[in-house]
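The structure under discussion appears below in the form of structure tokens.
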Protein chains: 2
Amino acid sequence: MTNQFIPNFIKKRASLTPNREAIEFKGKTYTFSKLYDKSYQIAGQLSALGLKKGQYVGVLLNNHADTALIYVAFQLIGLRAVILNNRLTSAELAWQLKDSKAQFVVTEEEFSAKWHSIQESLPNLKGIVKEELVGSAFIAPIVVDEVNLEDVCTVMYTSGTTGHPKGVLQTYGNHWWSAVGSALNLGLSEKDCWLCAVPMFHISGYSILMRSLIYGMKIVILDSFDEKNTIQRIHSEKVTIMSVVATMLQRIVSELKDERLPVDFRCMLLGGGPAPKTLLEQCLTKQIPVFQTYGMTETASQIVTLAPEDSLKKLGSAGKPLFPSALKIINVNGREAEANEAGEIFVKGPNVTSGYLNRKEETEKQFAGQWFSTGDIGYVDEEGFLYVLDRRSDLIISGGENIYPAEIEGVLVSHPAITDAGVIGMKDEQWGEVPVAFVVTKDNNIQEELIHYCQQHLAKYKVPKQISFLDVMPRNAAKKIMRKELRKLLD
Amino acid sequence: MTNQFIPNFIKKRASLTPNREAIEFKGKTYTFSKLYDKSYQIAGQLSALGLKKGQYVGVLLNNHADTALIYVAFQLIGLRAVILNNRLTSAELAWQLKDSKAQFVVTEEEFSAKWHSIQESLPNLKGIVKEELVGSAFIAPIVVDEVNLEDVCTVMYTSGTTGHPKGVLQTYGNHWWSAVGSALNLGLSEKDCWLCAVPMFHISGYSILMRSLIYGMKIVILDSFDEKNTIQRIHSEKVTIMSVVATMLQRIVSELKDERLPVDFRCMLLGGGPAPKTLLEQCLTKQIPVFQTYGMTETASQIVTLAPEDSLKKLGSAGKPLFPSALKIINVNGREAEANEAGEIFVKGPNVTSGYLNRKEETEKQFAGQWFSTGDIGYVDEEGFLYVLDRRSDLIISGGENIYPAEIEGVLVSHPAITDAGVIGMKDEQWGEVPVAFVVTKDNNIQEELIHYCQQHLAKYKVPKQISFLDVMPRNAAKKIMRKELRKLLD
């Protein structure tokens, strides 16, 4: 008599704690009761438009409260959201929509130009403008009272640094276990409030919404990241937890100067790749409680996070796999690595995706049994703490030595004149590959000084053979360096 | 690629937070690392004795740290614990052991007389004395690295107020979901410490051990309940949460006098049946944060609990079903009851048992689809809050009116001279049944006054037709009134 069914998240939450605050956006607050009512209304509209349980429906929206309402409405009636990165070109969006076989897209006025261009290549795709959904007349939808944890809730395409993008299936169970695993690590208080300054079209943002429903926790949504506004909102909304990537954190740290975050602010959850050690040290000085974490679209956000008691002792580590999850490192010989030996990170757990939409073969390729091959490189120390080195695809092999761009980038940004840095490999006749760097700085006259600085901090073979200056670093919506763009600059 | 497997609880917990305190018993503390080592050692001994994964093994022990170590050792190697109530007679114990088909029992010196008597009726049953297990030489066991959430972890026989006892199957998933549902309701802090003054052979106690493993939380085990010691330990061990039944709470309240519990003590989880309203009001006055809860062996402890924000507003209610769970009330016509209409409580959720050991037919009888029939009577108010009235089997029907013994008992104990009260139905020619009361008091001369008191507080048909005086109320190990014993007194 076991089952995989549990109550519909928002319906249950609105029943348990109707009067708690759920979402704050630009001064307007929704309780869980209000969130349920609004999303119920939107679900009614979607049903009236012919959308049915189980369908894949594109979502192309900005970060605002309405987006959260629409996501929740999807959950209420069992629509599967194909969540689109709104910074992509219309050609890229059309590719993903075609790949997902979605018949509808929910979008908004701001993206009308993109939408028209998409429609040209996909004439059968139907568009729904969000302004039509929010606040229109009432039609009762057929609510999914109980969700099957194995049902697909969302699909997000991986950024695809190599090859074509693939739609990652995220089930209700994936989201549930991710939220629960995080709560068991970070704890959970009625006073918690999570700031969402990351895009909700990424798992980092969407997972905050899910935690809100599952925990009964208030979230504050920002339409975009701005360090001044962020610090101000942390104070005014009594934020206790925030998700960031390194560049966001760097900007917050610089903006703070001698100021401190409120004492109730208890967790700066830092994901999105290896962080420069200097940044972590600055946070230590400013008493910012940084918890490094490691996760990806395929793990429905965090899968490895540093526990509170280890955050100082293991600076630079992403921590240990959350309670329901596991990891192992496979070395170049295909065997499980020893302590401190680098290799590919494999992960496992109920928060790990069941695979890619309509891609059986690629799904199988990515799994070894239950183990998911992340493509990331790292090692685990004697005590079981994970240190992520880099993406495997970003690895530079120079004269047989492995070079991790993230390490060199960390050294470069630790130089006071450098605000951002990216490193890639360049073909070299003698060494196979050599590292070259791109930096953002106001002082273009420090090439020699930088090389000297690197020589002081890095083994000789890691010192960039060439340093170029950029006005701005090409980064994607997840703030990850787009190394493909850097490579184009070498051609 | 979905699965039902997650890491072995203690193994994972010891890896995540090895240095946190796990168990305190009589001044001795075990960290999770120590708990793992000790249970690993015991698991080795059990393996050497021939015990194997999947076997049902009896456990007849007192409340002490060793018992926790042994339970955890069972989990490490996948033994299924048939957990015996050590207050039962040897005949009752032998019955359960035979019913479970257990081949081994782990027991301790104190129960040697019971054990020898059991062995006489079950000569093939093998006994293992705990003193042999704890602290003996090292033999490496085969550890279950990942537990299947659908695997049976424990079996507990229901107290069997009617009919023969049945072995309730409790899977790892039942325990997991119970612990997670509770954390989502009560929150979770690194500082939490749960006092276990209830028997670990009951789900109320065993579930505290499970929460310790899953949350990484310290628990304080008492070998028996004593109000003085309890209050002292709440202070000295910085206890934040405690599980109690009404009689325990009553004794704590009386002992406290004008004293207060520490401010960090945040939850008195009150289960084990309906509580007298006067007791709840006393707690209110003394600022004891009482959270009424409703649960049973078949739901792996709590399934309905009052949320923090409702604890005052809904005094007397057991709350709403925890996040993963659901309830409904079925009225006498077999239909779903309306608000405030009493009927039988049905529950559902991943914490609900999959059934009874070796009793397919009785399991099916107890379920309507996924809904488990609790046999308890209650109603749900307009806002969805559950009020438990009584056990269906305890219901007194008098002249067509339903009378709930718990209500009358509540009135009786609210009288200052009465320390305990039990009410049952007595055959009556005119009314079918009438309520009769048994009370514990130092003043045997107040029969008339009590009747008068009841007349002031209860409808006429609820006023006991007869009041008898007892030196002590017959209560079982779960502190529930043994009405069977009271009935014998009427014969």
Side-chain angles (χ1 to χ4, degrees), chain A residues 1-7 9 12-13 15-20 145-146 149-150 171 173-174 176-177 179-181 183-192 213-216 307-310 319-326 348-350 352-355 363-364 366-367 369-370 372 383-384, chain B residues 1-7 9 12-13 15-20 145-146 149-150 171 173-174 176-177 179-181 183-192 213-216 307-310 319-326 348-350 352-355 363-364 366-367 369-370 372 383-384:
Chain A
M1 313 238 170
T2 54
N3 70 43
Q4 289 283 328
F5 291 85
I6 64 171
F9 294 1
K12 180 71 175 186
R13 177 47 65 193
S15 140
L16 285 176
T17 54
N19 303 320
R20 274 197 209 167
D145 283 329
E146 290 184 316
L149 291 177
E150 295 194 346
T171 63
N174 293 151
W176 172 271
W177 285 92
V180 167
L184 291 176
N185 181 49
L186 297 180
L188 188 57
S189 158
E190 270 184 90
K191 288 178 196 150
D192 276 334
L213 301 179
I214 294 168
Y215 301 168
E309 56 255 69
D310 302 315
K320 289 181 177 179
L322 297 179
F323 202 104
S325 307
K348 177 161 82 163
V352 174
T353 182
S354 53
T363 298
E364 280 164 12
Q366 206 75 23
F367 281 90
Q370 299 281 346
F372 174 77
E383 292 179 89
Chain B
M1 313 237 168
T2 55
N3 70 42
Q4 289 284 328
F5 291 85
I6 64 171
F9 294 1
K12 180 70 177 189
R13 178 46 66 192
S15 139
L16 285 176
T17 54
N19 303 321
R20 275 197 209 168
D145 284 328
E146 290 184 317
L149 290 177
E150 294 194 348
T171 62
N174 294 152
W176 172 272
W177 284 91
V180 167
L184 291 177
N185 181 48
L186 297 180
L188 188 58
S189 157
E190 267 184 276
K191 289 177 194 149
D192 275 332
L213 302 179
I214 295 168
Y215 301 168
E309 55 255 71
D310 302 314
K320 290 180 176 180
L322 298 179
F323 202 102
S325 307
K348 176 161 83 165
V352 174
T353 180
S354 53
T363 297
E364 280 165 12
Q366 207 75 24
F367 282 90
Q370 299 281 347
F372 174 76
E383 292 179 272

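No hydrogens, no waters, no symmetry mates; every other heavy atom, side chains included, goes into these values.
Residue with the most contacts toward chain B among A:G187, A:G216, A:P321: A:P321 (heavy-atom pairs, distance under 4.5 Å). When B:L188, B:T17, B:N19 are compared by the number of non-hydrogen pairs under 4.5 Å with chain A, B:L188 comes out ahead.
For A:F9, the parts lying near chain B are the backbone and the side chain together; criterion is any non-hydrogen pair under 4.5 Å. Residue contact with chain B, scored on non-hydrogen atoms closer than 4.5 Å, involves the backbone and the side chain of A:I214 alike.
In this model, no donor atom of one side chain and acceptor atom of the other lie less than 3.5 Å apart for B:D192 and B:S189.
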- Query: How far apart are the C-alpha atoms of A:E383 and A:K320, what are their side-chain angles, what is the distance that settles it, and do they pass the salt bridge (charged side-chain N to carboxylate O under 4.0 Å, His left out) test?
  - Reply: CA-CA 9 Å; A:E383 292 179 89; A:K320 289 181 177 179; over 6 Å; no

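A donor-acceptor distance shorter than 3.5 angstrom exists from the side chain of B:N174 to the backbone of B:P350, with no hydrogens or angles considered.
Ring geometry, A:F323 versus B:W176: the interplanar angle falls from 30° to 60°, so the pair is classed tilted.
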